[in-house]
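The structure appears below as structure tokens.
Whatever order the structure lists them in is the order used to number ligands and atoms, beginning at 1. The model shown is predicted, which means the values in this text are computed figures rather than measured ones.
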Amino acid sequence: MSVIENAIKRLQASQVAAAPARSPSPAARRPEPTGETTTSTRIIPIDLDGLRSVGLLPPAHQEREIAQQYRQIKRPLINSALGRGVEPLPQGNLVMVASAVPGEGKTFTSLNLALSMRLEEDVTVLLVDGDVVNPRLSQVLGADDVRGLLDVAKDPSLSLSSAILQTDIPGLSFLPAGHQDPKATELLASARMQDVVAQLSRQDPSRLVLFDSAPLLLTTESHALTDVAGQILLVVRADQTPQHAVLDAIDTLSEGKSVSLVLNQSTKQPHSGYYYRYLNRKADGKDDAS
Ligand SMILES: Nc1ncnc2c1ncn2[C@@H]1O[C@H](COP(=O)(O)OP(=O)(O)OP(=O)(O)O)[C@@H](O)[C@H]1O
Ligand SMILES: [Mg+2]
């Protein structure tokens, strides 16, 4: 627990130090690119057994327990996204699942959270493979050779809608990572990318957009995503992630950003599940809408 508690303290300190609200960036005010009428008609099947066999869904005997944990994790995220009982966060419907180092459970969390969130009334979910370094979601969903986030960020003539794939699970769509590009970091940090993400937020305010991502401390690609996401869910692997790594990862996030921490794969009592505590430290969110 000390990792989480120290991380929370660091977040509290950054909240106090948060700068006053900035104006929206010029990129955020740019007009929407044209060509948004073409919609992808491809429907991808989600093979739940296949996902279970590659370890991205819990084994059948743990399904209920894990589902209950994701119910708890999703609630504050949804409330902040949609302003249910709390002030909505700017771009709060864009949720980035992040971690300090590889293997902490980002992809597992993104997928399980997406499946849980799509069960909500009046909500749809777009799962985005924002891990352009290791696009595992795109691979396991059989969408690693189709256009996706990077292609749309690169080519203004490509519509966002044309890259979004519907799935055979009601309420769940998927945006693949797209074709690899040596300039992926620059593309993700580009003004065009900001336009794309702003569209994701605006197009359908009841749509929750969940970004899987690359580890913050080992890659540069995911830093641009932290700027555009309204909420960040930082996954910390129990008894494995060094405390300094968690604190360093938090240091890479802009001040005032809303960050939630989830302790993954804990086996500690009294809750013997994978998640035994979920702490959500809300910052004021005023300076993070760039
Ligand atoms: N809560 C969990 N319960 C069971 N297995 C889990 C859980 N979280 C993660 N795993 C397992 O741990 C491994 C790493 O998880 P995952 O691929 O989600 O990590 P990651 O943070 O996305 O890694 P990378 O940074 O390499 O993309 C996977 O094999 C996954 O099956
Ligand atoms: Mg991953």
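Taking backbone and side chain together, Thr107 holds an N, O or S atom under 2.8 Å from the Mg ion (ligand 2).
Residues Arg136 and Asp129 share a closest heavy-atom pair of N-OD2, 3.9 Å.
Under a 4.0 Å N-O distance rule, the pair Arg192/Asp195 does not qualify as a salt bridge.
Not a single N or O atom of Val54, backbone or side chain, sits closer than 3.5 Å to an N or O atom of ligand 1. For a threshold of 3.5 Å applied to N or O pairs, the pair formed by Phe108 and ligand 1 contains at least one separation below that value. When only interatomic distances are considered, the shortest N/O to N/O separation between Ser213 and ligand 1 does not fall below 3.5 Å.
In this structure, Pro135 and Asp144 have side chains that are not in contact, with every pair of non-hydrogen atoms separated by 4.5 Å or more. The closest side-chain heavy-atom distance from Lys74 to Leu208 is not below 4.5 Å.
Listed by atom number, the atoms of ligand 1 under 4.0 Å from Gly55 heavy atoms are 30 (C), 31 (O). The Arg136 neighbourhood of ligand 1 comprises atoms 17 (O), with distances under 4.0 Å to a heavy atom of that residue. Of all atoms in ligand 1, listed by their number and element, those nearer than 4.0 Å to a heavy atom of Pro215 are 25 (O). Short contacts between ligand 1 and Pro102, defined as distances under 4.0 Å to a heavy atom of the residue, involve ligand atoms 25 (O), 26 (O).
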request  = Could you walk me through whether Asp131 and Lys106 pass salt bridge (charged side-chain N to carboxylate O under 4.0 Å, His left out), step by step?
outcome  = CA-CA 10 Å; Asp131 187 348; Lys106 296 178 295 299; 5.8 Å; no
